[in-house]
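Computed over heavy atoms, backbone and side chain alike; hydrogens, waters and symmetry mates excluded. All chains are named by letter (A, B, ...) in the order of the sequence lines, taking the proteins before the strands, and each is independently numbered beginning at 1.
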Amino acid sequence: MEIETIKLERIKDFDLAHIFECGQCFRWNPSEDGESYVGMSGDYAGKASFNQEKGELVLEVTGGDRKFWSNYFDLNTNYSLIKETLLYSEPKIEDAIEYGKGIRILNQDKFETLISFIISQNNNIPRIKKCIESICRNYGENLGEVFGEERFAFPDPERLSKATVEELMALKLGYRSKYIVASTKKYMEEGCPANYDEVLAYPGVGPKVANCIMLFGLHDVEAFPIDTWVKQIMKDMYGFEDKDVRGMSEFASKRFGEYAGYAQQYLFYYYRDRK
DNA sequence: CGGCAGGCGGTTA
DNA sequence: TAACCGCCTGCC
């Protein structure tokens, strides 16, 4: 597999650890030497290194042009403005923003995001990653050895539709297996969901997962996923009851408005790491 | 061993 | 429409 290098410059508000550890994606991991992150975006493998002083992102990739990767890392969005705006409407978010100041909300593949977050329900990150890799290894295109190991693309709907519930159970996907099979079928038949209600209509997708798919898959940055961590945050910061998800959601919409999704990421990343 | 981890779907009252 | 509960698996 041929590797090409793409250099993107004059980048602010960017930190690979913040981006890849804030829970929005599952296929990037730190390299052995800790100098970079290696993973997949769609059908392409990549190795990303960022020089904070120079504001320079160096990508070694198996495909995708500057435009693709620039869009993937959301480099055309002004995060300084987003942070200023959030800080103005909610000064209490300052520490969280400082802690995760390099977060960017990636532009990820929609189908992959749908399936990945169905897997994420009632699950933990190491196992989510293992499940997804297992799916790629069994149903995705083999790219051969890249950056020291054999790498596989996430299967497109066509490929994943070959999977049966029994096979997925054998891959330890658990009770989510039937959701994956049914959701893949639905996606094949109906095409990509375009709004919250359409996403919510997928098997194995409830309010939390639907909001993750809206935010990370459809890049609807007003979406505010409320998981156990965010519940804890809303309780600590604003005194919400655990069960009052509706109240939290309405509050987030009022307080953070069109940038609720960014606020969720800063808060989530900050609070999860403090525990 | 029970409890839990980035919940959901089905059933009940 | 709110509350409860079972669920695959892995790790504490």
Side-chain angles (χ1 to χ4, degrees), chain A residues 17-29 96 99-100 103 105-106 108 112-135 137-138 163-187 193 196-218 220-221 223-237 240-250 252 260-275:
Chain A
H18 298 177
I19 291 166
F20 290 130
E21 307 294 350
C22 73
Q24 62 179 319
C25 64
F26 304 102
R27 300 208 65 201
W28 289 81
N29 295 297
Y99 187 77
I103 289 174
I105 297 182
L106 299 167
Q108 305 186 66
E112 176 177 342
T113 306
L114 170 70
I115 300 301
S116 295
F117 280 91
I118 287 173
I119 292 169
S120 80
Q121 69 171 85
N122 193 24
N123 211 339
N124 54 62
I125 292 174
R127 197 165 86 90
I128 296 167
K129 286 186 170 184
K130 205 178 292 179
C131 288
I132 293 171
E133 284 312 311
S134 190
I135 282 184
R137 194 161 282 274
N138 282 274
T164 65
V165 175
E166 292 70 28
E167 287 171 0
L168 295 177
M169 289 298 289
L171 296 181
K172 311 287 187 188
L173 270 290
Y175 64 86
R176 303 164 195 81
S177 300
K178 60 180 180 295
Y179 300 147
I180 294 167
V181 169
S183 283
T184 300
K185 185 167 183 286
K186 185 175 166 70
Y187 194 99
Y196 179 82
D197 288 339
E198 289 180 13
V199 173
L200 192 60
Y202 273 74
V205 176
K208 189 272 174 182
V209 169
N211 275 303
C212 285
I213 294 165
M214 289 305 292
L215 180 55
F216 305 130
L218 304 190
D220 171 14
V221 296
F224 190 81
I226 299 173
D227 54 37
T228 54
W229 290 102
V230 175
K231 280 180 189 168
Q232 190 61 49
I233 293 163
M234 298 304 273
K235 186 177 173 185
D236 290 353
M237 285 181 72
F240 278 98
E241 294 293 327
D242 261 14
K243 287 179 281 190
D244 189 15
V245 177
R246 185 188 173 84
M248 296 176 196
S249 182
E250 286 171 358
Y262 300 106
Q264 194 270 5
Q265 286 293 275
Y266 293 125
L267 289 169
F268 172 83
Y269 182 59
Y270 180 58
Y271 271 75
R272 189 199 56 188
D273 275 17
R274 288 207 313 169
K275 277 275 167 124

Do side-chain atoms of A:Ser134 reach the backbone of A:Lys130 as a donor and acceptor pair under 3.5 angstrom? no
Do any N or O atoms of the protein come closer than 3.5 Å to N or O atoms of nucleotides 1-3 of chain B, and which pairs are they?
none

Which whole-number value in Å describes the distance from A:Ile119 CD1 to B:dC8 P? 14 Å
Ring centroids only, cut at 6.0 angstrom: are A:Phe26 and A:Phe117 within range, meaning strictly under it? yes
Kindly write out the residues that satisfy side-chain hydrogen bond (donor to acceptor under 3.5 Å, both in side chains) with A:Glu21, not counting sequence neighbours, or none if the list is empty. A:Tyr37
What residues, two or more places apart in sequence or in another chain, satisfy side-chain hydrogen bond (donor to acceptor under 3.5 Å, both in side chains) together with A:Asp227? none
Integer-rounded Å distance: B:dG6 P and A:Ile233 CD1: 12 Å
Scoring nucleotides 7-12 of chain C by protein non-hydrogen atoms under 4.0 Å (B base, S sugar-phosphate only, - none) yields BBBS--
Pairwise salt bridge (charged side-chain N to carboxylate O under 4.0 Å, His left out) hits with a residue in residues 168-187 of chain A, at least two apart: A:Lys185-A:Glu189, A:Lys186-A:Glu190
Taking A:Gln24 for the side chain and A:Ile19 for the main chain, is one N or O donor matched with an acceptor at less than 3.5 Å? yes
What pattern of brackets, bars and dots sums up DNA chain B from 5' to 3', given Watson-Crick or G-U wobble pairs under 3.5 Å, [ ] for crossing pairs and | for another strand? .||||.|||||||
Is the count of non-hydrogen atoms from other residues, nucleotides or ligands lying under 6.0 Å from A:Glu241 atom CD greater than 12? no
What are the two closest heavy atoms between A:Trp229 and A:Tyr271, and how far apart are they? CZ3-O, 4.1 Å
Using the test side-chain hydrogen bond (donor to acceptor under 3.5 Å, both in side chains), find all partners of A:Asp244 that sit at least two apart in sequence or belong to another chain. none
Every protein N/O lying under 3.5 Å from an N/O of nucleotides 9-11 of chain B:
residue, atom, partner, partner atom, Å
B:dG9, OP1, A:Gly204, N, 2.8
B:dG9, OP1, A:Val205, N, 3.4

Not counting sequence neighbours, which residues clear side-chain contact (heavy atoms from CB on, under 4.5 Å) with A:Ala252? List them please. A:Phe224, A:Phe256
Please give, in whole Å, the distance from B:dG7 C1' to A:Met248 CE? 14 Å
Calculate the interatomic distance between A:Asp273 atom CG and B:dG6 atom C1'; express it in whole Å. 13 Å
So A:Ile125, base contact, sugar-phosphate only, or nothing? Heavy-atom distance under 4.0 Å. base
In this structure, how many angstroms lie between the C1' atom of B:dC8 and the CD1 atom of A:Ile128, rounded? 14 Å
Which ones in residues 18-28 of chain A lie close to DNA chain C, meaning a heavy atom under 4.0 Å from one of its atoms? none
Would you check, one step at a time, whether the test ring pair (Phe, Tyr, Trp, His ring centres under 6.0 Å) holds for A:Tyr266 with A:Tyr99? CA-CA 8 Å; A:Tyr266 293 125; A:Tyr99 187 77; over 10 Å; no
Report the residues that fulfil side-chain contact (heavy atoms from CB on, under 4.5 Å) with A:Lys231, sequence neighbours left out, ordered by chain and then residue number. A:Ile226, A:Val245, A:Met248
Applying ring pair (Phe, Tyr, Trp, His ring centres under 6.0 Å), can you list everything that pairs with A:Tyr262, at least two apart in sequence or on another chain? A:Tyr79, A:Tyr259
Atom-to-atom span, CG of A:Asp227 to P of B:dC8 - whole angstrom: 10 Å
